[in-house]
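Throughout, numbering of the chain's residues begins at 1 and tracks the sequence.
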Amino acid sequence: MTERKPPGVDFESWVDRQIRNADARGEFAELPGAGKPLPSEVDSTYDELWWVKRKMAREGFSVLPPTLALRKEAEDALEAALGAPSERAARRIVEEINAKIREVMFKPPPGPPLGKKPYDVEEVVRRWRERRAG
């Protein structure tokens, strides 16, 4: 528990003494970031969601607009289809992502345009076969 400021003691000198005593006890030695420069966010304007953004960055979590998330998912699905263990699995992967792409084409969510059209299943399967043959 922090001791109370005694009456008649100047507040600033009391706080300085508290800090000096804590430093002497080594209470500041193991703080995160000790001995390192301040993070670049300190120089930027105040953002009330700074802690959310920092937590997301630390956890490797990001939130993309729906169309950008689907664009990434479509690219990942194409790679997954090309590396699928069977032609049937490749077709299933492409058909599932095509259904999502068609849905966004006809009912676009807010955000940037998708910029994707459904994949040609036969073309993807042809490429899948070529990878397997080579």
Side-chain angles (χ1 to χ4, degrees):
M1 173 115 184
T2 306
E3 74 179 74
R4 296 181 59 90
K5 180 182 89 55
V9 175
D10 182 40
F11 185 77
E12 186 174 343
S13 63
W14 179 77
V15 169
D16 289 337
R17 189 179 73 229
Q18 295 291 319
I19 293 171
R20 199 172 38 257
N21 290 343
D23 189 31
R25 290 189 303 267
E27 293 181 17
F28 300 130
E30 299 297 323
L31 293 176
K36 297 178 183 171
L38 290 174
S40 60
E41 305 94 54
V42 174
D43 294 333
S44 62
T45 58
Y46 178 73
D47 179 4
E48 60 189 32
L49 295 177
W50 65 269
W51 63 274
V52 174
K53 292 175 182 173
R54 187 174 297 164
K55 174 74 172 172
M56 289 174 65
R58 189 172 51 244
E59 298 292 328
F61 184 76
S62 66
V63 177
L64 293 173
T67 52
L68 294 181
L70 181 57
R71 188 181 303 176
K72 173 76 171 106
E73 185 180 351
E75 292 167 2
D76 292 345
L78 179 58
E79 283 304 309
L82 293 173
S86 68
E87 182 177 321
R88 183 176 174 202
R91 284 180 184 279
R92 182 185 49 76
I93 292 168
V94 174
E95 287 167 358
E96 286 175 3
I97 196 64
N98 279 350
K100 291 180 181 182
I101 292 171
R102 283 188 194 95
E103 184 179 335
V104 170
M105 287 174 65
F106 296 115
K107 293 186 266 179
L114 176 61
K116 287 265 180 213
K117 60 181 182 177
Y119 295 114
D120 181 345
V121 177
E122 296 306 319
E123 172 63 19
V124 173
V125 169
R126 183 191 61 73
R127 289 174 54 193
W128 177 86
R129 286 181 186 142
E130 287 175 359
R131 278 192 178 187
R132 293 290 181 202

For this session: Verify, without hydrogens or angle tests, whether Tyr119 (side chain) and Ile97 (backbone) share a donor-acceptor contact under 3.5 angstrom.
Result: no

Exercise. Sub-3.5 Å donor-acceptor pair from the side chain of Arg132 to the main-chain atoms of Ser86, do we have one?
Worked result: no

Distance check, rounded to the nearest 0.5 Å: [X] atom [atom1] versus [Y] atom [atom2]?
{"X": "Leu82", "Y": "Ile93", "atom1": "CG", "atom2": "CD1", "answer": "9.0 Å"}
{"X": "Glu87", "Y": "Arg126", "atom1": "CD", "atom2": "CZ", "answer": "12.5 Å"}
{"X": "Glu75", "Y": "Leu70", "atom1": "CD", "atom2": "CG", "answer": "10.0 Å"}
{"X": "Leu49", "Y": "Lys55", "atom1": "CG", "atom2": "NZ", "answer": "15.5 Å"}

For this session: Go through the steps for Glu95 and Arg92 under the test salt bridge (charged side-chain N to carboxylate O under 4.0 Å, His left out), then give the verdict.
Result: CA-CA 5 Å; Glu95 287 167 358; Arg92 182 185 49 76; over 6 Å; no

For this session: Could you please spell out the steps behind the side-chain contact (heavy atoms from CB on, under 4.5 Å) verdict for Gln18 and Val15?
Result: CA-CA 5 Å; Gln18 295 291 319; Val15 169; 5.5 Å; no

So which atom in [X] and which in [Y] form the shortest heavy-atom distance, rounded to 0.1 Å?
{"X": "Ala84", "Y": "Trp128", "answer": "O-NE1, 2.8 Å"}
{"X": "Lys116", "Y": "Arg71", "answer": "CE-CG, 3.9 Å"}
{"X": "Val94", "Y": "Ala81", "answer": "CG2-CB, 3.6 Å"}
{"X": "Pro112", "Y": "Leu68", "answer": "CG-CG, 3.8 Å"}
{"X": "Arg131", "Y": "Gly83", "answer": "NH1-N, 4.2 Å"}
{"X": "Ile101", "Y": "Ala74", "answer": "CD1-CB, 4.1 Å"}

Exercise. Got a sec, which residues hit side chain to side chain donor-acceptor pair (under 3.5 Å) with Glu122, two or more places apart in sequence or on another chain?
Worked result: Arg91

For this session: Answer yes or no: does atom CZ of Arg58 have more than 12 heavy-atom neighbours from other residues, nucleotides or ligands under 6.0 Å?
Result: yes

Problem set entry | Electrostatic pair Arg127:Glu130 at N-O distance under 4.0 angstrom | no

Problem set entry | side-chain contact (heavy atoms from CB on, under 4.5 Å) between Val104 and Lys100, worked out | CA-CA 6 Å; Val104 170; Lys100 291 180 181 182; 5.9 Å; no

